[in-house]
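Data block below; observations after.
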Amino acid sequence: MTEKIILPNIIKSLRVLLIDDDIFMLNLLEEMLKSLGFTDITTASEGRGALAIIDNTHLRPMQLLICDLKMPGMDGIEFFRHLAARRFCGWMIVSSGSDPRILKTVGNLLQAHHLRFLDIMQKPIRTSDLLSALTKLKDSVPNATNSFDLQMLSPAEIKTGLIEDHVETYFQPQISLSDGKITGAECLARWRHPTKGLVPPVAFISVAEEHDLIDDLTMAVFRKAMQCQGEWTRQGHELKISVNLSMNNLERLDLPEQFADITREEGVSIRNVMLEMTESRLMSNLAASLEIITRLRLKGFGLSVDDFGTGYSSMEKLNLLPFNELKVDRAFVFGAAGDAAARAILDLSVQMGRALDMRIVAEGAETQEDWDLVTASGCDEMQGYIIAKPMPANEFMYWKKHWDASVRDGVITPLH
Ligand code: C2E
Ligand code: MG
Ligand code: MG
């Protein structure tokens, strides 16, 4: 019974934009939202009008967007591209009468654009569909008021923060599927903002890229990651640490040398350092970056294709690149047990990785079903909330001690 589900006030107070060319559907959705307690609803009957609304409300940005896929003029796909260009930060629900497989692709596309995709609703939409999508919102962002109001950091804030050392590094473990042992961790940047608290990368990476600050940011993250790794090595923990690179970093010819210098200074062995680059951006900038990528590999750094499955790399293209790890995107891991298309992509990724002699890491495993699926899939390693969320360095070591003990005792059940 839908009436029995009560949405928290924080969700009901979201600023919602509805976009649909079907006026009947627009009114219906608006009425459904009102009956669920929403009060701040704006409607648009086509993409261009919706973009104008988004541009005019940037001081109080829309927080939830429910968008039809098929519209005359600008369709949903083009609309998403414009949203990505504007770095739209609200959550998105897509509605459509199309084939479910097209809808699934749209979900992947939104994630590849780094838009905050929440759910797909198949038309005709019922209140229960809407409620189920909104419940996901509640689960994705528990109690975090400011996650709904995610504001991008300004270039000036990033500049000052780099000088004042506001960048922090969090670490999320990766485990081997053959024995459950921790193989290493991915380093993920966070921003310690003086008034906004801890800010996630979605609010500052793209701004840093656009304003020529990404090299300094990457260097700050890389240095901190290597300092932690150096310390851990001295304590006797041999870990492979992965750092994310932006493709914009690959314009700098001295990058391999600089990274190598830092590892030496911090007492880290280069073979224990992985550099991750996202598949979609890698493939579109390939020619320009190949030289630096190759030199990084020659120096001994490991190279990893991140978010694999969201770009369009063929086996042939991947074979041309000196990458030695492939990270299957969360879209083909989380919930994949109940989704034949996602499972097929996971299986194909494993086959491709095997054929090219790459290590295969499954990202974003959250549930026991994901865990079981990944374990059976032939991946080498797993990373995801079911193992642990990203943590500050000291917490990571504390967590590791517990995990190591449970592996020793033969209990490889996730710790929470
Ligand atoms: P990524 O490199 O694909 O990192 C994985 C992201 O998925 C992280 O989000 C991580 O917290 C999240 N994640 C891991 N396991 C799960 C799970 O089970 N469920 C869910 N829902 N999420 C999971 P985060 O830290 O917000 O980072 C987002 C993206 O920002 C990263 O995606 C990466 O592309 C970028 N990023 C982070 N740090 C840096 C950095 O230092 N430099 C650059 N250039 N990009 C960075
Ligand atoms: Mg990554
Ligand atoms: Mg990834």
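Here, residue 1 is the first one in the sequence, and each next residue gets the next number. Counting convention: from 1, in listed order, for ligands and their atoms alike. Only a predicted model underlies this, so the values are computations on that prediction, with no experimental measurement involved.
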Self-check item: Exercise: identify the closest heavy-atom pair between Gln172 and Ala388
Solution: NE2-O, 3.0 Å

Quiz prompt | Protein contact of atom 12 (C) of ligand 1 - nearest heavy atom, named by residue and atom, plus distance | solution = Tyr385 OH, 4.4 Å

Quiz item: Can you list the steps and then say if Phe171 with Trp399 is a ring pair (Phe, Tyr, Trp, His ring centres under 6.0 Å)?
Solution: CA-CA 11 Å; Phe171 294 88; Trp399 176 90; over 10 Å; no

Quiz item: Closest non-hydrogen protein atom to atom 3 (O) of ligand 1, residue and atom name please, with distance?
Solution: Asp307 OD1, 3.0 Å

Self-check item: Short N-O contact, Glu168 and Arg192, less than 4.0 angstrom
Solution: yes

Quiz item: Going by the order shown, which atoms of ligand 1 are within less than 4.0 Å of some heavy atom of Asp306?
Solution: 1 (P), 2 (O), 3 (O)

Quiz item: Can you check whether Pro61 reaches Arg15 side chain to side chain, under 4.5 Å on heavy atoms?
Solution: yes

Quiz item: Hey, is Ala365 one of the residues with a heavy atom under 4.0 angstrom from ligand 1?
Solution: yes

Quiz item: When you measure from atom 20 (C) of ligand 1 to every protein heavy atom, which one gives the shortest distance, and what is it?
Solution: Arg330 NE, 3.1 Å

Quiz item: Looking at the rings of Trp232 and Phe396, which for Trp means the six-membered one, are their centres under 6.0 Å apart?
Solution: yes

Quiz item: Considering only heavy atoms of Pro390, which atoms of ligand 1 have at least one such atom less than 4.0 Å away?
Solution: 11 (O)

Quiz item: Under the 6.0 Å and 45° cation-pi test, does Lys299 pair with Phe301?
Solution: no

Exercise. Give the residue, atom name and distance (to 0.1 Å) of the protein heavy atom nearest atom 19 (N) of ligand 1.
Key: Glu366 OE2, 2.6 Å

Exercise. Please work out whether the ring planes of Phe222 and Phe259 are parallel, tilted or perpendicular, with thresholds of 30° and 60°.
Key: parallel

Self-check item: Heteroatom test (N, O or S) for Ser242 near the Mg ion (ligand 2), limit 2.8 Å
Solution: no

Quiz prompt | Contact with ligand 1 for Ile205, non-hydrogen, under 4.0 angstrom | solution = yes

Quiz item: Val273 and Met226: side-chain contact (heavy atoms from CB on, under 4.5 Å), yes or no, with the steps?
Solution: CA-CA 9 Å; Val273 182; Met226 294 304 105; 3.8 Å; yes

Self-check item: Closest heavy-atom pair and its distance - Ser304, Glu325
Solution: OG-OE2, 2.8 Å

Quiz prompt | Nearest non-hydrogen protein atom, atom 38 (N) of ligand 1 | solution = Ala189 N, 3.0 Å

Exercise. Measuring from the Mg ion (ligand 2), name the closest N, O or S atom belonging to Asp306.
Key: OD2

Quiz item: Looking only at heavy atoms of Arg190, does any of them come nearer than 4.0 Å to an atom of ligand 1?
Solution: yes

Quiz item: Is any heavy atom of the protein nearer than 4.0 Å to atom 32 (O) of ligand 1?
Solution: no

Quiz item: Mind checking whether Lys327 has a heavy atom under 4.0 Å from ligand 1?
Solution: no

Quiz item: What part of Leu245, side chain, backbone, both or neither, has a heavy atom within less than 4.0 angstrom of ligand 1?
Solution: backbone

Quiz item: Quick one: does atom 7 (O) of ligand 1 have a protein heavy atom under 4.0 Å from it?
Solution: no

Exercise. Classify the angle between the aromatic ring planes of Phe204 and Trp191 as parallel (below 30°), tilted (30 to 60°) or perpendicular (above 60°).
Key: tilted

Practice problem: Please identify which atoms of ligand 1 are closer than 4.0 Å to at least one heavy atom of Gln172. | Solution: 10 (C), 14 (C), 15 (N)

Quiz item: Who's the nearest protein heavy-atom neighbour of atom 28 (C) of ligand 1, and how far?
Solution: Pro201 CG, 3.9 Å

Self-check item: Non-hydrogen side-chain atoms of Leu245 and Thr218 separated by less than 4.5 Å
Solution: yes

Quiz item: For ligand 1, which atoms have a heavy atom of Ser246 less than 4.0 angstrom away?
Solution: 44 (N)

Quiz item: Please state which protein non-hydrogen atom is closest to atom 9 (O) of ligand 1 and give its distance, to 0.1 Å?
Solution: Leu188 CD2, 4.6 Å

Quiz prompt | Over all atoms of both residues, closest heavy-atom pair of Leu69 and Val94 | solution = CD1-CG1, 4.2 Å

Quiz item: So, does Gln383 sit close enough to ligand 1 that a heavy atom of it is under 4.0 Å from the ligand?
Solution: no

Exercise. Give the residue and atom name of whichever protein heavy atom lies nearest to atom 5 (C) of ligand 1, and the separation in Å to one decimal.
Key: Glu363 OE2, 3.5 Å

Self-check item: Angular separation of Glu363 OE1 and Asp307 OD1 about the Mg ion (ligand 3), given to 10°
Solution: 110°

Exercise. May I have the angle between Glu186 OE2 and Glu276 OE1 with its vertex at the Mg ion (ligand 2), rounded to 10°?
Key: 90°

Quiz item: Strictly by modelled atom types, are Glu381 and Thr183 linked by a side-chain donor-acceptor pair under 3.5 Å?
Solution: yes

Exercise. Report the C-alpha separation of Asp129 and Gln122 in whole Å, then their side-chain angles, then the decisive distance to 0.1 Å, and conclude whether the side chain to side chain donor-acceptor pair (under 3.5 Å) test is met.
Key: CA-CA 8 Å; Asp129 300 328; Gln122 182 87 42; over 6 Å; no

